[in-house]
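The structure appears right after this line, and notes come after that.
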Amino acid sequence: MILLHRLSSFGVACIAAVGFFLLLFSSIHPYLVILLTAVLAGLLLARLLNWQVRTFQFWHFLGTPLLFLLSSFGPFFLLENNILKVAMGVLVAIFLFLFVEHVFSFIHLPVAYQAFTLEYLSGLLHILSVFFLAVLGFGLSLFLQTPLWLLSLIFFFILFFIVYGTLWAGKVDPQRAKPYAFAGAVLTTELFASLSFLPTGFYSNAAFLALGVYVFLGLSRAHALHKLSKEVLRRYLFLLVAFTILITLTSQWV
């Protein structure tokens, strides 16, 4: 039985890779490919997690990789270079493999699990998911004129899950994490709506949004765990200012 669970990381990575391959080289309808890829990966993950649907651990370890996988399809369609599409598909599959591999160790082989690994990987996948979702959201707003209120509403619920899940993975008390998750979802949604009015490309806007979420998550976790100090605050402010300048200088202004 444990051997089948051991193969879950390979299975999820292969499912993702095949999904990207079919999107790139087959004539199958993209929506059908995405649906089948998500369902198959979700079933394999749920089996690895022993279908413990009454725990947030189940939904966190299921939702984090699935959100990352689904969000990656957004910028995949917006990329025009097939080489970049292949590279993105490979990177997504690698990140999924690493995350599911450590989930297996955490649940089924605790002696092999390295402390805090899933905490860091969850944070990384969440930030990348925010970037991918923002690229898709700004792209939909620009090309298809999708209503901003609808995109903002979707972002609110997704960001609530991301902030709450990140704090939960960081060992923050669930009751204490909920106010941070609500505040983070509101602030991020407002930032998303504000960035949509900037005369910059959607990749730049997505980078701004991901940066804001990264800083908020870091400061929120430090504050919730009573570890927020002047040194931590200065470090995050320095990163915020430095990357804001970098993104601004490298952006294409319309």
Side-chain angles (χ1 to χ4, degrees), residues 4-5 7-79 84-104 106-107 118 121-140 144 146 150-151 153-166 169 206 210:
L4 294 177
H5 289 312
L7 297 174
S8 296
S9 54
F10 296 95
V12 172
C14 288
I15 290 171
V18 171
F20 283 111
F21 178 86
L22 292 176
L23 287 175
L24 191 57
F25 298 109
S26 76
S27 58
I28 304 175
H29 197 287
Y31 291 164
L32 179 59
V33 173
I34 293 174
L35 177 61
L36 289 176
T37 302
V39 170
L40 291 175
L43 290 175
L44 198 55
L45 285 167
R47 186 180 182 281
L48 175 66
L49 299 170
N50 296 321
W51 295 94
Q52 297 178 347
V53 296
R54 295 187 177 183
T55 65
F56 182 76
Q57 175 177 292
F58 173 88
W59 294 108
H60 175 72
F61 289 147
L62 176 70
T64 297
L66 280 185
L67 178 62
F68 175 67
L69 175 61
L70 288 172
S71 65
S72 66
F73 290 124
F76 180 85
F77 285 121
L78 294 174
L79 290 172
L84 292 178
K85 288 185 176 183
V86 171
M88 182 175 180
V90 171
L91 287 176
V92 170
I94 290 174
F95 279 126
L96 287 173
F97 172 83
L98 291 175
F99 185 84
V100 179
E101 181 74 7
H102 286 291
V103 169
F104 163 77
F106 180 78
I107 295 177
L118 282 175
L121 279 176
S122 295
L124 175 61
L125 294 193
H126 284 157
I127 297 299
L128 290 174
S129 296
V130 169
F131 177 77
F132 292 156
L133 288 169
V135 169
L136 177 61
F138 290 124
L140 290 174
L144 299 181
T146 305
L150 178 60
L151 295 173
L153 183 63
I154 295 173
F155 256 87
F156 175 83
F157 288 108
I158 292 176
L159 263 298
F160 184 91
F161 170 79
I162 285 177
V163 177
Y164 183 82
T166 301

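Owing to the predicted nature of the structure, the values given are computational and were not obtained by experimental measurement. Count residues from 1 along the sequence.
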[atom1]-[atom2] distance between [X] and [Y], expressed to the nearest 0.5 angstrom:
{"X": "L23", "Y": "K85", "atom1": "CG", "atom2": "NZ", "result": "8.5 Å"}
{"X": "L7", "Y": "F10", "atom1": "CG", "atom2": "CZ", "result": "7.0 Å"}
{"X": "F104", "Y": "L45", "atom1": "CZ", "atom2": "CG", "result": "13.5 Å"}
{"X": "L124", "Y": "T64", "atom1": "CG", "atom2": "OG1", "result": "11.5 Å"}
{"X": "I107", "Y": "F58", "atom1": "CD1", "atom2": "CZ", "result": "9.5 Å"}
{"X": "S72", "Y": "L96", "atom1": "OG", "atom2": "CG", "result": "7.5 Å"}

Which heavy atom of [X] sits nearest a heavy atom of [Y], and at what distance?
{"X": "L62", "Y": "G42", "value": "CD1-O, 3.6 Å"}
{"X": "A169", "Y": "H60", "value": "CB-NE2, 4.0 Å"}
{"X": "A41", "Y": "L69", "value": "CB-CD2, 4.2 Å"}

Checklist entry - How would you list, by chain and number, every residue that makes a ring pair (Phe, Tyr, Trp, His ring centres under 6.0 Å) with F77, sequence neighbours excluded? => result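 Partners of F77 by the ring pair (Phe, Tyr, Trp, His ring centres under 6.0 Å) criterion come out as none, since no residue qualifies.
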Checklist entry - Which residues satisfy the ring pair (Phe, Tyr, Trp, His ring centres under 6.0 Å) test with F73, sequence neighbours excluded? => result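 Checked F73 against ring pair (Phe, Tyr, Trp, His ring centres under 6.0 Å); matches are F20.
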Side-chain donor-acceptor distances from residues 29-38 under 3.5 Å, at least two apart:
| from | atom 1 | to | atom 2 | distance (Å) |
| --- | --- | --- | --- | --- |
| H29 | ND1 | Y31 | N | 3.1 |
| T37 | OG1 | V33 | O | 2.7 |

Item to check | Test side-chain contact (heavy atoms from CB on, under 4.5 Å) applied to L118 and F99, step by step | outcome: CA-CA 7 Å; L118 282 175; F99 185 84; 4.0 Å; yes
Item to check | Validation row, ring centre F106 to ring centre F61 under 6.0 Å | outcome: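 For F106 and F61, the ring centres are under 6.0 Å apart.
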Next on the checklist: Would you say the rings of F132 and F76 are close, in the sense that their centroids are separated by under 6.0 Å?
Outcome noted: no
Item to check | Partners meeting side chain to side chain donor-acceptor pair (under 3.5 Å) with S129 (sequence neighbours left out) | outcome: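 Here no residue qualifies.
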Checklist entry - Counting N and O atoms only, with roles assigned by atom type, does the side chain of H126 sit under 3.5 Å from a partner on the main chain of S122, one being a donor and the other an acceptor? => result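 A pair under 3.5 Å: yes.
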Are the side chains of [X] and [Y] in touch, meaning some heavy atoms are under 4.5 Å apart?
{"X": "F131", "Y": "I127", "result": "no"}
{"X": "L40", "Y": "V12", "result": "no"}
{"X": "V53", "Y": "W59", "result": "yes"}

Next on the checklist: Just to verify, what does A87 make a side-chain contact (heavy atoms from CB on, under 4.5 Å) with, not counting sequence neighbours?
Outcome noted: none
Next on the checklist: Determine whether I162 and L67 satisfy the following criterion, side-chain contact (heavy atoms from CB on, under 4.5 Å), listing intermediate values before the conclusion.
Outcome noted: CA-CA 10 Å; I162 285 177; L67 178 62; 3.8 Å; yes
Checklist entry - Angle class for the F25/F21 ring planes (parallel below 30°, perpendicular above 60°, tilted otherwise)? => result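 Plane angle between 30° and 60°, so tilted.
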Next on the checklist: Filter on salt bridge (charged side-chain N to carboxylate O under 4.0 Å, His left out), then keep only pairs touching residues 88-101, sequence neighbours left out; what's left?
Outcome noted: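 As it turns out, the salt bridge (charged side-chain N to carboxylate O under 4.0 Å, His left out) pairs with a partner in residues 88-101, which skip direct neighbours, are R6-E101.
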Checklist entry - For F56, does the CZ atom have more than 12 heavy-atom neighbours from other residues, nucleotides or ligands under 6.0 Å away? => result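 For F56, atom CZ is crowded (more than 12 foreign heavy atoms under 6.0 Å).
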